[in-house]
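No experiment lies behind these values; they were computed from the predicted model shown.
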Amino acid sequence: MFASMGKTLPLVLLLSTCLAGTASAQIAPQELPQRIQVQAQAEISVAPDMATLQARLWERTPAIAQAAASRTNPEALAQARERLEKRTGELIRALERAGLDSSAISAGSLLIRPDYVQAPSRQGESEAPLVRTQLERPISVRIDTLDRVPTILDALTQAGVDSLDGINYELKDRDAASDQALAKALQKARGKAQLIADTLGIELGQVQNVQENTPPTFAPRMAAMRADGMESKMQAEYRPGEITIETAVSVDWGIAE
C-alpha cells in the first residue's frame, strides 16, 4: 500500500503543477495593463518683452617688470580705483538720464586681477613680460521697454564702457510661456492617442499617468548689426526676433471596456 502511494504521490504533484501552470497562463493575459502610451513634443515662439545688457569698466595701473610685481604700488592702485569709481558713477547717472530707473541698474563688486603685457623686443631678443593690475566693475542693465535699447546703448558707448558683452532678449513672464508650450504638448498627445484609438477601433478611458519629459528650454536672442550701403556710417539694427520654448510630455490612457 505504501509502495503504491509512493508511486502515486509524484504523479499527483506533477498534475497539480501542470494545472496551476495552465491556470496561471490563462489569467496572466487578463492581468496585463490595458493602456495606450504616447509621447509628444511642442514648440512655441514668443516675442521677447525685455532685454539685459552686460558691460564692464576697467582701469589699470602702470605696467612694471614681472619680478617687481610682488611689490604693488599702493598709490597707483588707489589712483586707478578712484578713476574707476568716478567713471562708474558717471555711467550710472548717464543711464538714469537716458530714462532707466535706478533699480534697473546693477553695479557689481570690484574685481582686481593681474594683467600681463608682452614687452617690446630689443634687437631681436624678447623681453620678459610686464605686469599691471586691472580693476574692473561689471554693470548690468535691465531694459523693460525694448524701444529704449538704442538709446541705452548710445549712453553706454558715450560713457566709454571698456567692454559690452551684447544684448540678451528675455521674457518678463517665463512661466506663462512655459504653460502655453506645455498645453500645446498635451493637446498633441491627446490627438495622437485619439488617432491610435480610432484606427484600432477602441475607446480611450481615463488618463492613468502624465509626465513632463523635458522641462521648457529657452533659446536666447542677440542683437544684430549690419552696414547700410546707402550711408557712410555703420548702423545698428536691434532685432529681438522670437524666443523659442520647447517641451515634451508622456501620457498614458486606459482603454475603456
Side-chain angles (χ1 to χ4, degrees), residues 48 50-98 100-143 148-170 217-228 232-241 243:
M50 66 173 294
T52 303
L53 287 80
Q54 304 291 337
R56 285 177 290 157
L57 293 171
W58 62 63
E59 288 289 338
R60 296 169 176 146
T61 61
I64 59 176
Q66 189 172 1
S70 58
R71 301 187 299 274
T72 304
N73 186 337
E75 183 178 355
L77 195 61
Q79 291 175 354
R81 181 176 182 181
E82 183 179 354
R83 295 193 304 268
L84 179 60
E85 297 299 346
K86 180 181 179 181
R87 292 178 59 203
T88 302
E90 292 173 350
L91 174 59
I92 292 175
R93 288 189 291 272
L95 292 173
E96 290 175 342
R97 288 193 300 270
L100 281 181
D101 189 81
S102 58
S103 62
I105 307 169
S106 175
S109 302
L110 178 67
L111 305 175
I112 301 177
R113 65 178 180 85
D115 181 40
Y116 296 93
V117 182
Q118 184 62 45
S121 60
R122 296 181 179 179
Q123 297 180 352
E125 296 182 1
S126 298
E127 296 289 334
L130 304 177
V131 63
R132 57 192 176 187
T133 301
Q134 178 164 310
L135 297 84
E136 293 187 12
R137 287 292 300 274
I139 305 293
S140 178
V141 179
R142 188 188 73 248
I143 305 174
R148 290 184 177 178
V149 169
T151 302
I152 302 304
L153 279 175
D154 288 343
L156 287 170
T157 54
Q158 290 173 8
V161 294
D162 298 295
S163 176
L164 182 60
D165 299 330
I167 311 171
N168 288 323
Y169 290 101
E170 302 174 5
T217 56
F218 297 79
R221 303 293 302 179
M222 302 296 291
M225 302 288 292
R226 75 174 178 88
D228 191 339
S232 59
K233 62 180 181 179
M234 179 74 74
Q235 289 188 340
E237 286 193 351
Y238 309 105
R239 303 178 182 177
I243 294 177

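Counting heavy-atom neighbours within 6.0 Å of E96 CD, excluding the residue itself, gives a total above 12. Remark: R132 CZ is packed, more than 12 non-hydrogen atoms of other residues, nucleotides or ligands lying under 6.0 Å away.
One finds the CG atom of L156 at 9.0 Å from the CG atom of L57 (value rounded to the nearest 0.5 Å). The distance from atom OG1 of T61 to atom CD of E75, rounded to the nearest 0.5 Å, is 12.0 Å. With rounding to the nearest 0.5 angstrom, the CG atom of L164 is 8.5 Å from the OG1 atom of T157. How far CG of L135 is from CD of E82: 12.0 Å, rounded to the nearest 0.5 Å. Considering CD1 of I92 and CG of L100, their distance stands at 11.0 Å, rounded to 0.5 Å.
R137 places a side-chain heavy atom less than 4.5 Å from the side chain of L110. The shortest side-chain heavy-atom distance between R142 and S106 does not fall under the 4.5 Å cut-off. Residues D115 and T133 are not in side-chain contact: their nearest non-hydrogen atoms beyond the backbone lie 4.5 Å or more apart. Residues I167 and I143 form no side-chain contact, since every pair of their non-hydrogen atoms from C-beta on lies 4.5 Å or further apart. Between V141 and L95, some side-chain heavy-atom pair lies under the 4.5 Å cut-off. I105 has its side chain out of reach of L91: every pair of non-hydrogen atoms, C-beta onward, lies at least 4.5 Å apart.
Take R87 and apply the salt bridge (Lys or Arg N to Asp or Glu O under 4.0 Å) test, not counting sequence neighbours, and it matches E59, D162. Not counting sequence neighbours, the partners of R113 by the salt bridge (Lys or Arg N to Asp or Glu O under 4.0 Å) test are E136. Under the side-chain contact (heavy atoms from CB on, under 4.5 Å) criterion, Q158 pairs with D154, not counting sequence neighbours.
Here the closest non-hydrogen pair linking I243 and Y169 is CD1-O, 3.5 Å. The minimum heavy-atom distance linking A155 with A94 is given by the pair CB-O, 4.3 Å.
Checking V117, L130, V131 one by one against I64, the side-chain contact (heavy atoms from CB on, under 4.5 Å) holds for a single residue, V131.
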